[in-house]
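Have a look at the structure below, then the notes.
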Amino acid sequence: MTDTHLAADGQVEAELIVGGMTCGSCAARIERRLNRLDGVAATVNYATGRAYVTHLGGRDPAELIGVISSTGYTAELPAPPAAGDRSDPVARALGWRLVVCIPLAAAVIVLAMVPAAQFTGWQWVSLLLAAPVAIWGAWPLYRAAWLGLGYAAATMDTLVSVGVAASFGWSLYALLFGGAGRAGMRMSFAFTFGQASGQTLYLEAAAGVTTAVLAGRYLEARARVRSGSALSALAGLGARTVAVLRDGTERRVPVAELATGDLFVVRPGEKIATDGEVAEGTSAVDASLVTGESMPSEVGPGDQVTGATVNMSGRLVVRATRVGSDTLLAQITRLVSQAQGTKAGVQRLADRIAAVFVPCVIGCAVATLGFWLGTGLPAAAAWSAAVAVLVVACPCALGLATPTALLAAVGRGAELGILVKSAQALESAGRIRAVVLDKTGTLTTGVMTVPDIVAGPGEDEKEALLLAGAIEDASEHPIGQAIARFAAERFGSLPSAGPAVTGFSAVTGFSAVTGFTALPGAGVRGSVEGRVVTVGSPRLFAELSLDVSPSLRQAADTAAEAGRTAVLVGWDGQARAALVVADRLKPQAAEAIARLRALRLRPMLLTGDNSRAALAVAAQLGIPASDVFAEVRPEGKVEAIRRLQADGIPVCLVGDGVNDVAALAQADLGMAIGALGGGTDAAIGAADLTLVGGDPATAAEAIQLARATVAVIRGNLAWASGYNLIAIPLAALGYLNPLFAGIAMSASSLIVVGNSLRLKRFHR
């Protein structure tokens, strides 16, 4: 992302790569500095090495780069993620430094720990071997600590560099002035400071700690690239070139040259270059790379297809409808980037702790040195304990505990077709106890059909259907479109229904409608050829005091008992016919309910349909009548969610339509069926999570992933906190040699990162 984006609902306006951060306290310091600017709201993520700005306050990103630079770090606008590019320049630089340091440090450690290897003059050889490691190898640590000192800030580098310098400096003093340089001197290795004296050397600690820290940071950098690889993986999904049809000629051009409206050819085995509509051909399309769903779908002329999906069989000619940053893949990429830039509440607490951690550790080390000197312990022993305190403390583990887990979870979710809008969404999903599912389009296919029409006594079925089709042709509701489609298919050329119904449009086949009005959750009204026609639910007819004959009431009751919807058609104050509209349950609907129950969640049904139709569907899915909300209008959906929340039940709503938007925003967690599943842009925008495909069972997977993420975060925080609470007192009491303190410190961060990477293996 090299440009800026308008902030809406926390969307990132600008994203910057920040260099030079070595621990969570660095990120906290940069974040505080940015947020002091008027109108600027930013978060800095140590795990991703990026600053995410949600409000620029009228400033240019270049100004923010200057602010970050003034704090001693570097910043730049990122280039778009390259396909397959998972390299990290920081990791490469650390790798080269390790190539030199590892053999030198290993030799120094062997000489210090194995008395049999200590030949005459071994201590001077150790000095020659340790010096390059403690000076050149540790130079990035010294440099970062010095820069921090210039800005009155202490970081992890301060602790480590002081520890390494103290160990090397003491050893140099002991060799030159303390008697450690005499010929024949021998030294045995000890885990504690009990045997420390004026002749004790800590060259193995200086070289070993430096190498351990460099190795730990190298592995951390590699692991962070793995945990945050979702963006580069997404970038690799898209096609690189496309066969465009222009002037009747097929030419292969870069995808970037594709324009809206262009026709392009997709042969079997090729990726579809961009979002579009099939103009010619039929084929099976594999969308698993985008949705995580393994079953291919059949497409033909008029069907929508998505960029980065794979054409499995026939040749397709597709008309591009969205290109570049407007495609679904581009939107997914932005959403993943935005989610990686957010912080969970628990992470903010960890950041505040990390900000004061380093000064506290320095104070503890000074107190340790003073205490042991005051007890009469040899200076070398007191020095050893103080150095161990500095080296063993690890704010990195605390700073990495939450963001690495979130990075891995967001990336794995994208692979499974679960798009996470923010870290808070994962936290909320872990607390959910009830899942309310919208019926139409979520549990059902949303593709309505009209299997039957019942005319009232003495009424003309053709006239009623043609008038209903004319009204509903102006509606966007799935039921309305089904009625219009049924009328067109039933009568083909749509002949006139009689003298009162004339003048049908040559374009649409239906008469022109005037005064069209949509009544949300109830029906539609409009004037056709001078008649005010009402098409809607029996409840609407009752509210408007329109007469409904007993036969039509019976038809509506019979349809409701069968789990279908009856739509009445009327004019001149009377219902004239009943259209029976049916929607099929999705094949995965029953599995979705079973999975939610297996997670000890309470599945509930929410619909605007009449209660009998809703209860019939609920009975098929095993949802009790007490957990069914029927005949609910859009504002009633919000009230239903509020009632559950008032009872102390954290609620998740799964929906797909415009009429679900307010309820999705009200719910503790909103899940939207994505564009490939028929969801609307409004619903997707209001939701916290988006299920890219149309499988409602993915809702259970999303909650499972959230629970796993929360469990990993808790484990990471427990380890990071417990490690420091135990390790620092042990070091202060003299039970840790500085060398082992350095190894433990690096291992603690790696344990946290490794635990987070388990989420990359999360499976259904």
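The shown structure was predicted, so the numbers you read here are calculated from the model rather than taken from an experiment.
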When you compare the side chain of E472 with that of R485, does any pair of heavy atoms fall below 4.5 Å?
no

May I have all residue pairs that pass side-chain hydrogen bond (donor to acceptor under 3.5 Å, both in side chains) and include part of residues 565-578, sequence neighbours excluded?
E459-R576, T565-D609

Side-chain heavy-atom pair T309, K271 within 4.5 angstrom cut-off:
no

Check whether the side chains of D275 and T321 place a donor and an acceptor atom closer than 3.5 Å, and report yes or no.
no

Could you tell me whether the side chain of M312 reaches within less than 4.5 Å of the side chain of V285, counting heavy atoms only?
no

Does the side chain of V266 come within less than 4.5 Å of F264's, by heavy atoms?
yes

Within-4.5 Å side-chain heavy-atom neighbours: V580 and I453:
no

Nearest-0.5 Å distance, OG1 of residue T444 to CZ of residue R584
9.5 Å

Are the side chains of V628 and M604 in touch, meaning some heavy atoms are under 4.5 Å apart?
no

So does R319 have more than 12 non-hydrogen atoms from other groups sitting under 6.0 Å from CZ?
no

How far apart are the closest heavy atoms of A455 and A577, and which atoms are they?
CA-CB, 4.0 Å

Measuring from L540:CG to R525:CZ, what's the distance to the nearest 0.5 Å?
7.5 Å

Spatial distance of atom OG1 (T282) from atom CG (D303) [nearest 0.5 Å]:
10.0 Å

Between P603 and R597, is any pair of side-chain heavy atoms under 4.5 Å apart?
yes

Between the CD atom in E280 and the CG atom in L245, the distance rounded to the nearest 0.5 Å is 8.0 Å

In plain terms, say whether E250 and R267 are close enough for a salt bridge, that is, a side-chain N and a carboxylate O under 4.0 Å apart.
yes

Student check: side-chain heavy atoms of V436 and I641 closer than 4.5 Å:
yes

With R246 via side chain to side chain contact (heavy atoms under 4.5 Å, CB included) - residues at least two apart:
V244, R251, D262

Short side-chain donor-acceptor distance under 3.5 Å, D668 and Q645:
yes

Summary of salt bridge (charged side-chain N to carboxylate O under 4.0 Å, His left out) pairs that have at least one residue in residues 598-608, sequence neighbours excluded:
R602-D627

